A.B. asks: 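A single structure is presented below for examination.
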Protein chains: 2
Amino acid sequence: MADKKQIPAPTLGRICTYIRVLERSTGCSISSAAIAEAAGVNAAQVRKDLSYLGEFGQAGVGYDVGELREALKHLMGLDRPRHVVIVGAGALGSALITYPGFEARGFRVVAVFDNNPAKIGHRLRGHLILPADELAERIAELGAEIGVIAVPRTTAQAVADALVQAGIKAIVNFAPVLLRVPETVAVRNVDLTQQLECLAYYLQD
Amino acid sequence: MADKKQIPAPTLGRICTYIRVLERSTGCSISSAAIAEAAGVNAAQVRKDLSYLGEFGQAGVGYDVGELREALKHLMGLDRPRHVVIVGAGALGSALITYPGFEARGFRVVAVFDNNPAKIGHRLRGHLILPADELAERIAELGAEIGVIAVPRTTAQAVADALVQAGIKAIVNFAPVLLRVPETVAVRNVDLTQQLECLAYYLQD
DNA sequence: CAGTGTGAAGCGCTTCACAGCT
DNA sequence: AGCTGTGAAGCGCTTCACACTG
């Protein structure tokens with residue numbers, strides 16, 4: 001990714017949590033302490049995070065729930081839908097197609113790709129599986145902005161290259177490998193096995 | 001989790017990466033610079049991380065690949081298999097049952113639970129779906145140590161409570177909610193939607 | 001020499017503490 | 001009184017730099 005260093009990455013993650021807290025919140029105003037309690041963080045942290053988008057709070061009262069929620073969504077770029085393509089029609093890719101949280105939050109899966117001829121042309125959870133070599137043209141015509149890599153480790157880099165070539169600027173990578181992409185492309189790695197491995201450490205002694 | 005503060009959490013994550021680098025490495029000795037290059041981190045970082053388990057390197061040469069790999073696996077508690085239970089037989093839970101990385105790294109899925117009567121008793125990818133109210137007894141008899149929560153947000157806390165009650169000390173949580181568990185239980189949250197949300201931020205301007 | 005191990009510096013995020021506003 | 005916004009302190013991870021070793 002480019003610079004964008006205005007807001008620290010940890011803050012971005014927490015802001016997503018704050019948005020969810022606000023969406024489930026009933027009252028019309030909420031204090032930083034209440035947000036902090038629900039999000040599992042320090043109240044000063046909440047205020048510092050929120051200060052990145054200007055002064056929203058009312059001293060002595062707190063924050064307007066609706067106003068803050070919309071401001072945070074706007075800040076995160078969540079005020080318009082995003083088109084997502086999934087590469088890899090295996091078990092994981094299949095699960096991601098219908099993952100309820102995606103559609104509910106404005107992420108629309110617009111295409112699913114695979115390079116297995118036995119899968120191409122078949123329907124998977126309502127989506128026609130497209131050949132991976134059509135990535136570039138499909139991404140352009142569908143206006144996709146985010147690519148999800150759900151292929152085996154050995155083909156992940158090739159898929160990433162193809163996505164970058166197609167103009168994708170944001171990638172979620174489920175393959176346990178370090179992707180080499182231009183600095184202008186943002187990558188989030190999700191290593192499911194690593195989660196278990198880290199837990200194994202704490203299971204000892 | 002308890003204290004365990006000897007090794008910082010970021011280091012634990014990187015050590016998992018180092019293990020993979022070593023498993024794919026061909027030579028019999030490797031330098032911190034080579035590990036760093038493959039893992040995408042700083043070489044000094046690698047040496048500092050490795051120094052947590054004593055002095056393994058040979059000055060002027062590097063580290064013995066096999067020896068270091070086994071030492072790291074032992075440190076992480078990966079030198080014996082772990083039994084995993086998955087709660088939630090939806091699309092995500094289903095994908096996790098056969099996730100190739102789990103079995104390959106010693107994590108064996110020994111049971112799958114759901115509370116939907118329509119699913120209980122049916123087979124899913126080779127596993128009989130068990131009723132969620134049998135969690136405690138099954139976990140005990142199967143010797144499960146890790147629980148994976150792949151249920152909707154609204155039931156995640158109840159599942160976590162049941163897992164804790166059953167003696168589980170390590171949880172991977174896919175539900176977008178803050179779990180309240182005793183300090184003795186380690187939790188790793190994996191919020192798939194949040195990955196996309198953070199990327200949306202970088203897609204702006 | 002090439003490369004490790006590590007004290008010290010650097011850096012960035014987190015938390016405190018309090019002035020200021022309502 | 002209650003709560004925000006923020007400078008300053010605190011803290012922990014990262015990186016540097018170099019003495020030391022085979």
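Convention: sequence-line order gives letters A, B, ...; per-chain numbering from 1. Just so it is clear, the values below take in all heavy atoms, side chains as well, and ignore hydrogens, waters and symmetry mates. Remember, it's a predicted structure, so these values are computed and weren't measured experimentally.
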A.B. asks: Starting the side chain at C-beta, find the nucleotide from dT14(D), dG20(C), dG5(C) nearest to A59(A).
C.D. replies: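 Between dT14(D), dG20(C), dG5(C), the one nearest the side chain of A59(A) would be dG20(C).
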
A.B. asks: Closer to the 5' end of DNA chain C via nearest nucleotide, is it Q58(A) or V41(A)?
C.D. replies: V41(A)

A.B. asks: Any side-chain N or O of R14(A) below 4.0 angstrom from OP1/OP2 of dT14(C)?
C.D. replies: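 It does, given that an N or O in the side chain of R14(A) lies less than 4.0 Å from OP1 or OP2 of dT14(C).
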
A.B. asks: Going from CG on L53(A) to CG on L75(A), what distance comes out if it is rounded to the nearest 0.5 angstrom?
C.D. replies: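 One gets 5.5 Å once the value is rounded to the nearest 0.5 Å.
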
A.B. asks: Rounded to whole angstroms, how far apart are CG on L68(B) and P on dT4(C)?
C.D. replies: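 Whole-Å distance recorded here is 11 Å.
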
A.B. asks: Nearest to the side chain of N42(A) - dG5(D), dC16(C), dT4(C)?
C.D. replies: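 Nearest to the side chain of N42(A) among the choices is dC16(C).
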
A.B. asks: Could you tell me the separation between the CD1 atom of I35(A) and the C1' atom of dG5(D), rounded to a whole number of Å?
C.D. replies: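 The answer, rounded to whole Å, is 14 Å.
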
A.B. asks: Does a nitrogen or oxygen in the side chain of S51(B) sit under 4.0 Å from OP1 or OP2 of dG5(C)?
C.D. replies: no

A.B. asks: For the pair E103(A) (side chain) and T98(A) (backbone), establish whether a donor and an acceptor sit closer than 3.5 Å, ignoring hydrogens and angles.
C.D. replies: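 Answer holds: no.
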
A.B. asks: List, one per line, each side-chain donor-acceptor pair under 3.5 Å for residues 60-73 of chain B, sequence neighbours excluded.
C.D. replies:
unit_1: D64(B); atom_1: OD1; unit_2: G66(B); atom_2: N; d: 3.2
unit_1: D64(B); atom_1: OD1; unit_2: E67(B); atom_2: N; d: 2.8
unit_1: K73(B); atom_1: NZ; unit_2: E23(B); atom_2: OE2; d: 3.2

A.B. asks: Students often get this wrong, so: under 4.0 angstrom with heavy atoms, is G60(A) touching a base, only sugar-phosphate, or nothing?
C.D. replies: base

A.B. asks: Could you work out, with salt bridge (Lys or Arg N to Asp or Glu O under 4.0 Å) as the rule, every residue matching R80(A), not counting sequence neighbours?
C.D. replies: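 R80(A) satisfies salt bridge (Lys or Arg N to Asp or Glu O under 4.0 Å) with E145(A) once adjacent residues are dropped.
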
A.B. asks: With nearest nucleotides of DNA chain C determined for L50(B) and A44(A) from heavy-atom distances, which residue corresponds to the more 5′ nucleotide?
C.D. replies: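 So the residue in question is L50(B).
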
A.B. asks: Output the rounded distance in Å from CD1 (I15(A)) to C1' (dT14(C)).
C.D. replies: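 Result: 15 Å.
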
A.B. asks: Quick check on dT4(D): is either OP1 or OP2 less than 4.0 Å from any side-chain nitrogen or oxygen of S32(A)?
C.D. replies: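 True: S32(A) side-chain N/O within range (under 4.0 Å) of dT4(D) OP1/OP2.
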
A.B. asks: Whole Å only: how far is the CD1 atom of I7(B) from the C1' atom of dT14(D)?
C.D. replies: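 After rounding, the gap between these two atoms is 17 Å.
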
A.B. asks: Measuring only between side-chain heavy atoms, which start at C-beta, is L199(A) closer than 4.5 Å to R188(B)?
C.D. replies: yes

A.B. asks: To the nearest Å, how far apart are L12(A) CG and dT14(C) C1'?
C.D. replies: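 So the CG-C1' distance, L12(A) to dT14(C), works out to 16 Å.
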
A.B. asks: Taking only the side-chain nitrogens and oxygens of Y63(A), find out if one of them lies under 4.0 Å from OP1 or OP2 of dG5(D).
C.D. replies: yes

A.B. asks: If you check every side-chain atom of K48(B), which of dG3(C), dT6(C), dT6(D) has the closest atom?
C.D. replies: dT6(C)

A.B. asks: Could you state the atom-to-atom distance from CZ of R47(A) to C1' of dC13(C) in whole Å?
C.D. replies: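 Nearest whole value for this atom pair: 16 Å.
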
A.B. asks: Tell me the interatomic distance from Y52(A), atom OH, to dG5(D), atom C1', rounded to whole angstroms.
C.D. replies: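 After rounding, the reported distance stands at 13 Å.
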
A.B. asks: For D49(B) and dT15(D), give me the distance from atom CG to atom P, rounded to whole Å.
C.D. replies: 10 Å

A.B. asks: For the side chain of Q45(A), starting at C-beta, report the closest nucleotide among dC13(D), dT14(D), dT15(C).
C.D. replies: dT15(C)

